[in-house]
Amino acid sequence: MNNLNIHTETVQAALAKHKEEKMALPMPTKRRSTYVQSPVINCTPPDSSSGSENEGALLRQSSVGADLEALDTPSLLQPPSLQSPDSWINHSVQGSSTSSSASSTLSHGEGKPQPQPSQPQAQPQLRVEKCSGEIRQARVVCEIKTLCIGAGRVCVTVFVGLPTPHPPGVPINSRVSTKIQQLLNTLKRPKRPPLSEFFMDDQEEIVEVPQPDPNTPRPEGRQIIPVKGEPLGVVSNWPPALQAALVRWGATQGKSPALTALDITGKPLYTLTYGKLWSRSVKLAYTLLNKLGPKNEQVLKPGDRVALVYPNSDPGMFLVAFYGCLLAEVIPVPIEVPLSHKDAGSSQVGFLLGSCSVSLALTSEICLKGLPKMPTGEILQFKGWPRLKWVVTDSKYLTKPGKDWQPHIPTANTDPAYIEYKASKEGTVMGVAVSKVAMLTHCQALTQACNYCEGETLVNVLDFKKDMGLWHGVLTSVMNRIHTISVPYAVMKACPLSWVQRVHIHKARVALVKCRDLHWAMMAHREQRDTSLASLHMLIVADGANPWSVSSCDAFLNVFQIHGLKPEVICPCATSPEAMTVAIRRPGVPGTPIPARAILSMGGLSHGVIRVNAEDKNSALTVQDVGHVMPGALMCIVKPEGPPQLCKTDEIGEIVVNSRAGGNMYYGLPGVTKNTFEVRTHNHSIPPYVLQHILHLGSLIFVVGKNEGLLMVSGRRHNADDLVATALAVEPVKTVYRGRIAVFSVTVFYDERIVIVAEQRPDASEEDSFQWMSRVLQAIDSIHQVGLYCLALVPANTLPKTHLGGIHIFETKQNFLDGNLHPCNILMCPHTCVTNLPKPRQKQPVGVGPASIMVGNLVAGKRIAQAAGRDLGMIEDQDLVRKHQFLSEALQWRAQTDPDHCLYVLLNAKGLVVSTATCVQLHKRAEKIAAVLIEKGSINTGNNVVLLYPPGIDLIASFYGCLYAGCVPVTVRPPHPQNLAATLPTVRMIIDVSKAACILTTQNLMRTLRSKEAAATVNIKTWPTIIDTDDLPRRRPPMIYKPPTAEMIAYLDFSVSTTGMLTGVKISHAAVSALCRSIKLQCELYSSRQIAICLDPYCGLGFVLWCLASVYSGHQSILIPPLELESCLPLWLSTLSQYRIRDTFCSYSVMELCTKGIGTQTEILKARGLNLSCVRSCVVIAEERPRLALTMSFSKLFKDLGLSPRAVSTAFGSRVNLAICMQGTTGPDPSTVYVDMKSLRHDRVRLVERGAPQSLPLMESGKILPGVRVIIVNPETRGPLGDSHLGEIWINSPHSASGYYAIYGEESLQADHFNTKLSFGDPTTLWARTGYLGFVKRTELLDAAGDRHDALFVVGSLDETLELRGLRYHPIDIETSVSRAHRSIAESAVFTWTNLLVVVAELSGSEQDALDLVPLVTNVVLEEHHLIVGVVVIVDPGVIPINSRGEKQRMHLRDSFLADQLDPIYVAYNM
């Protein structure tokens, strides 16, 4: 009785062990709306007994035992009201009985599990290839050796869940940080296997290579000797072809029944006699050959392929169609009935039809009516299918041939007779062609092996279109005039005992079933009293080769032995589409003992060797034999990898068969055919031609798995079915449906990773599901010694199904990889199963001084990484320089010399001019403001004044008004009236930090600052003096202030960095003049020029271009406030076209708005006359790495409007120096290089070719401005670096800022950012540290002076880099990968917290996509960056904060996450 408990008990023992370790897995957090259950109507529980045709998943349960079988009763057997799961559990615990085989861990005796820490264990699998000569391959896995006998018997226990203990010392300050703490505690557990020590350079392969374990079991036996089946008997009256048998029975035994079909209730529907079968087949053959075309033209000719499309419930029509095709000598290709346009695997079936050149499909009238149609009434064109002509084969549509017409029946030859479809592990559907002689020989071999007699009865529960159902129920049955009773799948669902009743009623000698049919009958048997199975001579178990079949067979025998079932009639067999029947157990003589059982070590199996398991019962597998080799066949076992070499006697390999009865080829696929159907063994000691002479008879065959279920993880083989059995042993009844579980592997980071997907019951709670998942993880880790990568639960009835109700594994895997699985719960465990990451880089202590490094660089022939812009020189107009050493003087000078020259034009959203300012107007307006400042503001010289204005000319006038009054202006972005709570505190902070004496603003903004809404956010009573500058009296200040020295501060520039730090820098009058001069030179600006600016004017280079440059250079600036673009996207581009602008400046956010908003409307814009061919340079102003993808897509999208591909370039500035690079009007185009990301993480720069793996494209950040010198420095040693290194960019320039005015929140930033010296090399020059990492590369291009051009490449901000595993990562690189992972990821941001990488992704799709993102994000970061993501947070669009420059505020995001303020859709904590 008892095998079944073994599995549950093993799992229980394994989990108890984990309980001692107090493993605390943080539960994911989920927004309530995400898992509100859909209406019941949409999630009817899937048929828990889902009998897939070939699913181990379904009945792996048997391996776990009958009690577990009982835990989940087939929903159709008992109404829920009559029978609760408890009654099943009680019933099974008291009285069920089955035998041993838990694919994942069976054996005898009791005991605690003893996982072997060194190496995981698992179930291997073998394939069938060929030996010499005409060899047929069966993809099955076996081993030829009689193994030890004995099946342990153990009692059953139902596993009960363990509570997850709370880890000590977890701070309960917030939900999020508690969970992260839990996760960190979990990760402190030692991982298995440990990483071996080794040094890894970036030039080496990036994967950790596990060192071979000296304790790994290896095969020790002698080389295997091929095994020969008994000779094929010679029978005098054997027909020359299968069709000849039909002719004979049709003529001599016409009234003899050939087939009985059942209706949905299990009662006989009709019986087809041999006479009818013969006459209808002849009519069909005649019709096919003569009556399909117009005017009776021949459409089909012998050898053409024809699809047979018949439902499982109509065996009679199929039988007639199959034999009709054989008689017409066309080749039938049976396929499943397509149910919808998007059937799982539909396009693969289309591939099969295409490779077989099928253009005609036979079907029945009823089936044709049920096929999906288009509105026109035509049959739908199925995805991937060739165009088909549909032919109905019902008798009334067939033509009876004349008396003189007879079908041609040649003697069986090697031409194809039929094609059987076969789905490979990769999901491809191929057609195995079986020749006429192979078909005949196979029937003969089956007749001999099964001892079939003429006229007996066979009950067939299998699919008659392929495999055993076809070979026994359609071919061999006609050969022997057998009466077949076909029991369709639908009948089995309604009445699981129907096949047993048919055996009893018809006194059938043979029944053809799968383990699931035994299981269902056993579950329902109490309804039946007077059933006798005594007539059975053979109960053929088609999937008896699966290790988990043992317990099903034993349990069925235990229940039905009292009904006359004899133990010796149970006959497991092994089959494959290629080799057909590989082996079958012959019916035994009454009273003889049941053949041997093998109890194998799963650890040995995972290494491909056979070891009898006597010690550790928790990792044992019990398998039953599948009998002997088929008559007339020769079999050997070859190594599954590499060239086919014979195995040793204790080695697991792939079965290879040489026989006339087997497939000949994959039709239409000669390449694949050669590797499978023409295998020759390579062992030189036994050349193929000697094989026949060294054989012995009598060896039993054991199968331990199939190729389709093989999972190769870290060089060890595991069997998907074993993992299913273990998962099902963990209380499945509460959480998931048994039989609705898919196990597969995906390749991530150079190894296979195991994924388990199961359907969750609608009533399972979050806690139940999570508990179940974490227990499954622990059980599989303990028993199989292998880590799971991902465990996902999906809603009931959502996994793709095969035609007979099982899970379509390949489609499920594809959905997982494409992000279409839509799980409702997911658990990723990359930390435990990814053991091949490179060893973390150990940073060496800096024992080598910077001088040695520099000398080393020189010796290696590398130049020091430095570059400079051209000399600032003297400006042509000496007079001008002298007059405007100060910008205030320049304005006065322009007002006198050229009063009516228009400096500024401000546009609104409609493109209309709102206001303009000539030199004299600006000067007079500045005078008025200076006067009011001195009067009302009682301002002293050097006081700071905040300018709070929307983008416009008022802001510019106020700036010069402050200079005229001797104050220091501070420009501040005004608060957003609709979002005061978020924007006003920043304004308040800058006012406080800058110690402003008064505020200049407009009437509107003044009302806002004093409103009730503002009072709710800040204390409005403590504002400094607020002056409204809208309607000022016409006054002049008593005098215009002139600073005594150019080193005095001209203005303060405040900005919030991407790390969330507010910093204000001091800009002197000298720096202002030098900067304006540098820009004038670089961009060739003078009075007659016109530029367009679409930038925020509050800080950095945006402010300089908006407020300062025009006054200095005299050019006209057309000002376009970026906010206006939101109401009129084409505003900026249409301005460029209308005013024929040659030079324009914008921000990334403006460029992104145009790309996303109007990138698809270029045709419409062109029709409106928009033309950008005038634009010579379009410069993006930014303080970050150039966004190459954005600039390239902008150029490509608008090239149709005449935009030159060379026009777009970038500028670069930082806090310490507002303008370092800017693409000028002269000089070479910006260059792009591809650098190796692996080297970059080590702070090294290695150039690679475009398209190289792990390459990162970087664009030069514009030309270095005149007067600027750049050097690349090691931020730790402060020594100069060679040009193959990544280092901090240091600047020496007359327009660097003078220092920080105030640093809010980071007082530790020292003045050394502005005046610092190299530790070696040039100890006198003062440099400013930008805080950005970059490198300098000498290019082949020439600059204006004819020298080779040195390009500066900015890689990223030093403050933002992530130090992980000893390497330096830039967030943008990881975010680029993440955004590419799934179509629904709108934006992403990453940050670290206590060494965990946290990825936040904005979901643009529906919330059901949320959990699909978790594995895809984890995969892509692991693949491309070799990092394991610790936490994945899915949020709504717009949650990731960005600053005015469009840069992500990652630290703000991190703080919000840790304070639990994000309202995430889902938070997944990866184990």
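- Applying the salt bridge (charged side-chain N to carboxylate O under 4.0 Å, His left out) test to every pair with at least one member in residues 1215-1224, sequence neighbours left out, gives these pairs: Asp1053-Arg1215.
- With sequence neighbours excluded, the residues forming a ring pair (Phe, Tyr, Trp, His ring centres under 6.0 Å) with Tyr1332 are Phe1212, listed by chain and number.
- For Asp954, the salt bridge (charged side-chain N to carboxylate O under 4.0 Å, His left out) criterion is met by Arg925, not counting sequence neighbours.
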Would Asn1171 and Ser1173 count as a side chain to side chain donor-acceptor pair (under 3.5 Å) if you check the C-alpha gap in whole Å, the side-chain angles of each, and the deciding distance to 0.1 Å? CA-CA 6 Å; Asn1171 183 350; Ser1173 56; 2.8 Å; yes
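- The backbone N or O of Ile1372 lies less than 3.5 Å from no partner atom in the side chain of His1370, so there is not a single donor-acceptor pair.
- Checking Leu1218, Ile1079, Val1072, Asn1217 one by one against His1295, the side-chain contact (heavy atoms from CB on, under 4.5 Å) holds for a single residue, Asn1217.
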CA sep, side-chain torsions, deciding dist, call: Arg1241, Asp1373, salt bridge (Lys or Arg N to Asp or Glu O under 4.0 Å): CA-CA 11 Å; Arg1241 291 173 203 144; Asp1373 297 327; over 6 Å; no
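- Taking both residues in full, the closest heavy atoms of Thr1339 and Ala1351 are given as CG2-CB, 3.9 Å, listed atom of the first, atom of the second, then distance.
- Of the inter-residue distances, the one linking Arg1185 atom CZ with Leu1333 atom CG reads 10.0 Å to the nearest 0.5 angstrom.
- Atom-to-atom distance recorded for His901:NE2 and His1115:NE2 is 8.5 Å, nearest 0.5 angstrom.
- A distance-only check finds a donor-acceptor pair linking the side chain of Glu1288 to the backbone of Gly1331 [under 3.5 Å].
- In terms of the salt bridge (charged side-chain N to carboxylate O under 4.0 Å, His left out) criterion, Lys1199 has no residue partners (sequence neighbours excluded).
- Between the side chain of Tyr904 and the main chain of Ile1118, no donor-acceptor pair closer than 3.5 Å is present.
- The side-chain heavy atoms of Leu1153 and Val1150, taken from C-beta on, include no pair separated by under 4.5 Å.
- In plain terms, the two heavy atoms of Leu1265 and Ala1219 that are nearest each other are CD1-O, 3.3 Å.
- Under 3.5 Å, the side chains of Gln1223 and Lys1263 contain a donor-acceptor pair of N or O atoms.
- In the model, Ser1377 has a side-chain atom that pairs as donor or acceptor with a side-chain atom of His1425 under 3.5 Å.
- In this structure, Ile1385 and Val1417 have side chains that are in contact, with non-hydrogen atoms separated by less than 4.5 Å.
- Remark: side-chain polar atoms of Ser1209 are not paired, donor with acceptor, to backbone N or O of Gly1262 under 3.5 angstrom.
- Taking the charged nitrogens against the carboxylate oxygens, Asp1096 and Arg973 do have a contact shorter than 4.0 Å, which makes a salt bridge.
- Looking only at side-chain heavy atoms (C-beta outward), Val1248 and Pro1253 stay at 4.5 Å or farther from each other.
- Gln1090 is linked by a side-chain hydrogen bond (donor to acceptor under 3.5 Å, both in side chains) to Gln1116, counting only residues two or more places apart in sequence or in another chain.
- Residues Ser1087 and Arg894 have side chains in contact (heavy-atom distance under 4.5 Å, counting atoms from C-beta outward).
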Would you please test Ser1117 and Ser1110 for side chain to side chain donor-acceptor pair (under 3.5 Å) and show each step? CA-CA 7 Å; Ser1117 295; Ser1110 276; 2.5 Å; yes
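- When side chains are defined from C-beta on, Thr1144 does not count as touching Ile1091, because their heavy atoms never get closer than 4.5 Å.
- Each salt bridge (charged side-chain N to carboxylate O under 4.0 Å, His left out) pair with one or both residues in residues 1374-1385, not counting sequence neighbours, appears once here: Glu1375-Lys1448, Glu1375-Arg1450, Arg1380-Glu1424.
- Residue Met1192 qualifies as open at atom CE: its count of foreign heavy atoms under 6.0 Å is 12 or below.
- The backbone N or O of Tyr1098 lies less than 3.5 Å from a partner atom in the side chain of Thr971, making a donor-acceptor pair.
- You'll find the side chain of Ile1093 stays beyond 4.5 Å of the side chain of Ile1120, heavy atoms only.
- Each salt bridge (charged side-chain N to carboxylate O under 4.0 Å, His left out) pair with one or both residues in residues 1153-1164, not counting sequence neighbours, appears once here: Glu1152-Lys1156.
- Pairing each heavy atom of Leu817 with each of Leu1416, the nearest pair is O-CD2, 3.3 Å.
- For Thr1330, the side-chain hydrogen bond (donor to acceptor under 3.5 Å, both in side chains) criterion is met by no residue, not counting sequence neighbours.
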Could you walk me through whether Tyr1086 and Ser1113 pass the side chain to side chain donor-acceptor pair (under 3.5 Å) test, one step at a time? CA-CA 5 Å; Tyr1086 36 84; Ser1113 305; over 6 Å; no
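- With no hydrogens or angles considered, no side-chain donor-acceptor pair links Thr1361 and Tyr1369 at under 3.5 Å.
- Side-chain contact check for Val972 versus Phe1054: every heavy-atom pair is 4.5 Å or farther apart.
- Taking Met1259 as the reference, Pro1186, Leu1188, Thr1191, Thr1210, Pro1230, Thr1232 meet the side-chain contact (heavy atoms from CB on, under 4.5 Å) condition, with sequence neighbours excluded.
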Assess the residue pair Ser1214 and Glu1183 against the criterion (side chain to side chain donor-acceptor pair (under 3.5 Å)); give the C-alpha distance rounded to whole Å, side-chain angles, the decisive distance to 0.1 Å, and a yes or no. CA-CA 6 Å; Ser1214 69; Glu1183 295 185 10; over 6 Å; no
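- In this structure, SG in Cys1154 is found 5.5 Å from CZ in Phe1198, a value given to the nearest 0.5 Å.
- Looking at Asp1236, its side chain does come within 3.5 Å of a backbone N or O of Ser1239 through a donor-acceptor pair.
- Between the side chain of Ser1137 and the main chain of Ser1134, no donor-acceptor pair closer than 3.5 Å is present.
- Rounded to the nearest 0.5 angstrom, Ser1388 OG and Leu1403 CG are separated by 12.5 Å.
- Every residue two or more places apart in sequence or in another chain that forms a salt bridge (charged side-chain N to carboxylate O under 4.0 Å, His left out) with Asp1436 is listed here: Arg31.
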Just list the side-chain donor-acceptor pairs under 3.5 Å for residues 1099-1109, sequence neighbours left out, or say none.
none

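- Without hydrogens or angle criteria, Ser1379 side chain to Thr1376 main chain gives no donor-acceptor distance under 3.5 Å.
- A donor-acceptor pair under 3.5 Å links the side-chain atoms of Lys1080 to the main chain of Leu1085, judged by distance alone.
- Distance check, rounded to the nearest 0.5 Å: SG of Cys1094 to CG of Leu1125 gives 4.5 Å.
- Without hydrogens or angle criteria, Ser1261 side chain to Cys1221 main chain gives no donor-acceptor distance under 3.5 Å.
- Taking CG from Leu1172 and CD1 from Ile1141, the interatomic distance works out to 11.5 Å, rounded to the nearest 0.5 Å.
- For the side-chain contact (heavy atoms from CB on, under 4.5 Å) test, residues two or more places apart in sequence or in another chain that qualify with Glu1124 are Ala909, Pro1121, Ser1127, Leu1131.
- Between Ile1272 and Asp1283, every side-chain heavy-atom pair lies at or beyond the 4.5 Å cut-off.
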